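Notes follow once the structure below has been shown.
All values reported here derive from a predicted model rather than from experimental measurement.
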Amino acid sequence: MKYRNIIFDFDGVLAESVEIKTKAFYAIYHKHGEEIAQKVVLHHKENGGMSRYEKFPYYHKKFLNIDLSEKEVNQLSGKFSKMVIDEVIKANEVQGASWFLTKYQNHCKYWIVSATPTNEMIEIANKRGIGKFFVTIYGSPGHKKDVVVKILKENSLVNNETVFLGDALSDFEAAKNNNIDFILRSTIENKSLFKNENMDRYKDYYELDKILNE
């Protein structure tokens with residue numbers, strides 16, 4: 001395998017946790033009506049790599065015409081965390097993820113770059129027993145494209161030896177902006193988003209392993 005460095009998104013890439021967060025956004029906004037809740041869900045699904053700290057102000061302003069204070073955003077984020085964190089820790093892994101991490105741990109270095117708040121992402125990874133695999137685990141408030149710049153520079157990585165495994169447009173753009181390869185973890189949620197893109201795609205890590213060793 002040519003890659004020596006692998007950057008992973010988390011939700012939908014290492015864990016089958018996307019739907020958990022979709023349901024939480026729906027539950028929070030359902031009190032404002034079914035139409036609002038469905039608009040929130042649609043945007044959330046199309047912008048999987050966007051931080052909840054950006055989503056809550058956006059949804060309140062666009063759909064409710066309410067400007068949230070920083071305190072209110074933090075309160076909503078805290079509520080959201082309580083709703084999802086235990087469920088994400090317990091979520092099934094994407095098939096073969098642990099096998100893959102173990103197989104290549106002596107050949108590759110790994111990072112997580114997620115939209116989940118950093119402290120929460122570290123807690124989730126550690127409680128799932130995978131934190132030990134990663135050089136560093138990054139979450140929000142950093143933007144993914146900026147975090148990838150940081151990883152490349154601080155670790156003196158070679159671009160063509162580095163790949164981003166993701167399932168969202170923000171993952172794809174972070175890779176593209178930094179001139180590194182991108183491989184899509186293909187799901188029902190992102191099928192329409194990437195239908196016109198010519199790229200490698202995998203459903204599980206056994207399939208990815210074949211792609212990487214072709």
Side-chain angles (χ1 to χ4, degrees), residues 6-29 37-38 40-52 55 77 79-105 108 110-134 137-140 144 163-172 174-175 182-195 197 199-212:
I6 304 178
I7 299 170
F8 298 81
D9 177 39
F10 181 78
D11 293 308
V13 174
L14 287 167
E16 299 285 18
S17 49
V18 172
E19 188 63 20
I20 293 167
K21 296 187 175 181
T22 301
K23 288 178 179 178
F25 275 113
Y26 177 87
I28 287 172
Y29 282 94
Q38 290 296 344
V40 166
V41 164
L42 179 61
H43 181 275
H44 165 67
K45 285 182 175 181
E46 292 178 346
N47 295 274
M50 184 177 175
S51 166
R52 69 188 68 159
K55 285 181 175 177
S77 181
K79 179 180 180 180
F80 187 91
S81 294
K82 288 177 182 176
M83 292 172 71
V84 303
I85 191 165
D86 289 340
E87 293 300 312
V88 173
I89 290 166
K90 293 185 293 185
N92 290 334
E93 71 171 16
V94 173
Q95 188 176 14
S98 295
W99 167 82
F100 182 90
L101 290 169
T102 301
K103 179 174 181 178
Y104 290 108
Q105 64 181 327
C108 297
Y110 305 136
W111 290 262
I112 287 177
V113 176
S114 171
T116 299
T118 297
N119 290 344
E120 189 175 313
M121 189 65 257
I122 291 170
E123 179 184 354
I124 289 166
N126 287 337
K127 287 187 175 178
R128 289 178 66 91
I130 62 171
K132 62 188 177 184
F133 287 109
F134 300 95
I137 295 172
Y138 293 98
S140 60
K144 291 188 177 185
V163 63
F164 197 129
L165 305 180
D167 68 332
L169 285 172
S170 61
D171 304 327
F172 174 61
F182 176 79
I183 302 179
L184 178 71
R185 198 272 160 140
S186 185
T187 65
I188 293 170
E189 286 86 2
N190 64 30
K191 187 175 181 180
S192 62
L193 289 175
F194 292 97
K195 64 183 178 182
E197 296 289 346
M199 59 175 66
D200 285 328
R201 302 160 189 257
Y202 69 99
K203 289 187 174 65
D204 62 47
Y205 280 88
Y206 305 111
E207 193 173 347
L208 175 66
D209 192 48
K210 291 177 184 176
I211 291 169
L212 296 178

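Checked by atom type and distance alone, the side chain of Glu120 never pairs as donor or acceptor with a backbone atom of Thr116 at under 3.5 Å. Using modelled atom types, one side-chain atom of Tyr110 and one backbone atom of Leu101 make a donor-acceptor pair closer than 3.5 Å. Proximity of a side-chain donor or acceptor of Thr187 to a complementary backbone N or O of Asn190 within less than 3.5 Å is detected. Checking side-chain atoms of Glu93 against main-chain N and O of Ser98 turns up a donor-acceptor pair under 3.5 Å. Under the 3.5 Å distance criterion, the side-chain polar atoms of Ser114 are left unmatched by any main-chain donor or acceptor of Asp9. Of the possible donor and acceptor atoms, none in the side chain of Arg128 sits under 3.5 Å from a partner among the backbone N and O of Ala15.
Note: Glu19 CD to Lys45 NZ = 6.0 Å, rounded to the nearest 0.5 Å. Rounded to the nearest 0.5 Å, atoms CZ (Arg201) and CG (Leu208) are 14.0 Å apart. Taking CZ of Phe134 as the reference point, atom CD1 of Ile6 lies at 9.5 Å (rounded to 0.5 Å). Here the OG-NZ distance, from Ser77 to Lys79, works out to 12.5 Å after rounding to the nearest 0.5 Å. Here the NZ atom belonging to Lys21 is positioned 5.5 Å from the CZ atom belonging to Arg52, to the nearest 0.5 angstrom. Going from atom CE of Met121 over to atom OG1 of Thr118 covers 9.5 Å, rounded to the nearest 0.5 Å.
Around NZ of Lys203, the count of heavy atoms belonging to other residues, nucleotides or ligands within 6.0 Å does not exceed 12.
Here the closest non-hydrogen pair linking Ala24 and Phe80 is CB-CE1, 3.5 Å. A pairwise comparison of heavy atoms in Asp171 and Gly166 identifies OD2-CA, 3.4 Å as the closest pair. Here the closest heavy-atom approach between residue Ala115 and residue Lys144 is recorded as N-CE, 3.8 Å. Nearest heavy-atom pair across Asp200 and Ile183 is O-CG2, 3.6 Å. In plain terms, the two heavy atoms of Phe182 and Ala168 that are nearest each other are CZ-O, 4.4 Å.
Two residues are said to be in side-chain contact when any heavy atoms from C-beta on lie closer than 4.5 Å; Glu207 and Gln95 fail this criterion. With a 4.5 Å cut-off on side-chain heavy atoms, Val163 and Leu212 do not count as touching. Looking at Val18 and Asp167, their side chains come closer than 4.5 Å, going by heavy atoms from C-beta outward.
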| Residue pair Ile188, Lys191: steps toward the side chain to side chain contact (heavy atoms under 4.5 Å, CB included) verdict | CA-CA 5 Å; Ile188 293 170; Lys191 187 175 181 180; 5.9 Å; no

| request: Any chance you could lay out the side chain to side chain contact (heavy atoms under 4.5 Å, CB included) test for Leu193 and Phe172, step after step, and finish with the verdict? | output: CA-CA 11 Å; Leu193 289 175; Phe172 174 61; over 6 Å; no

| request: Just do the side chain to side chain contact (heavy atoms under 4.5 Å, CB included) check on Val41 and Tyr29 with the steps written out, would you? | output: CA-CA 9 Å; Val41 164; Tyr29 282 94; over 6 Å; no

| side chain to side chain contact (heavy atoms under 4.5 Å, CB included) evaluation trace for Ile28 with Val40 | CA-CA 10 Å; Ile28 287 172; Val40 166; over 6 Å; no

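His44 and Lys55 share a side-chain donor-acceptor pair at under 3.5 Å.
Phe100 pairs with exactly one of Tyr202, Phe133, Tyr205 by the ring pair (Phe, Tyr, Trp, His ring centres under 6.0 Å) rule, that one being Tyr205. With respect to Phe10, the side-chain contact (heavy atoms from CB on, under 4.5 Å) criterion is satisfied by exactly one of Ile137, Ile130, Val113, Val94: Ile130.
Checked for salt-bridge contact, Arg185 and Glu16 meet the test: a charged N lies under 4.0 Å from a carboxylate O.
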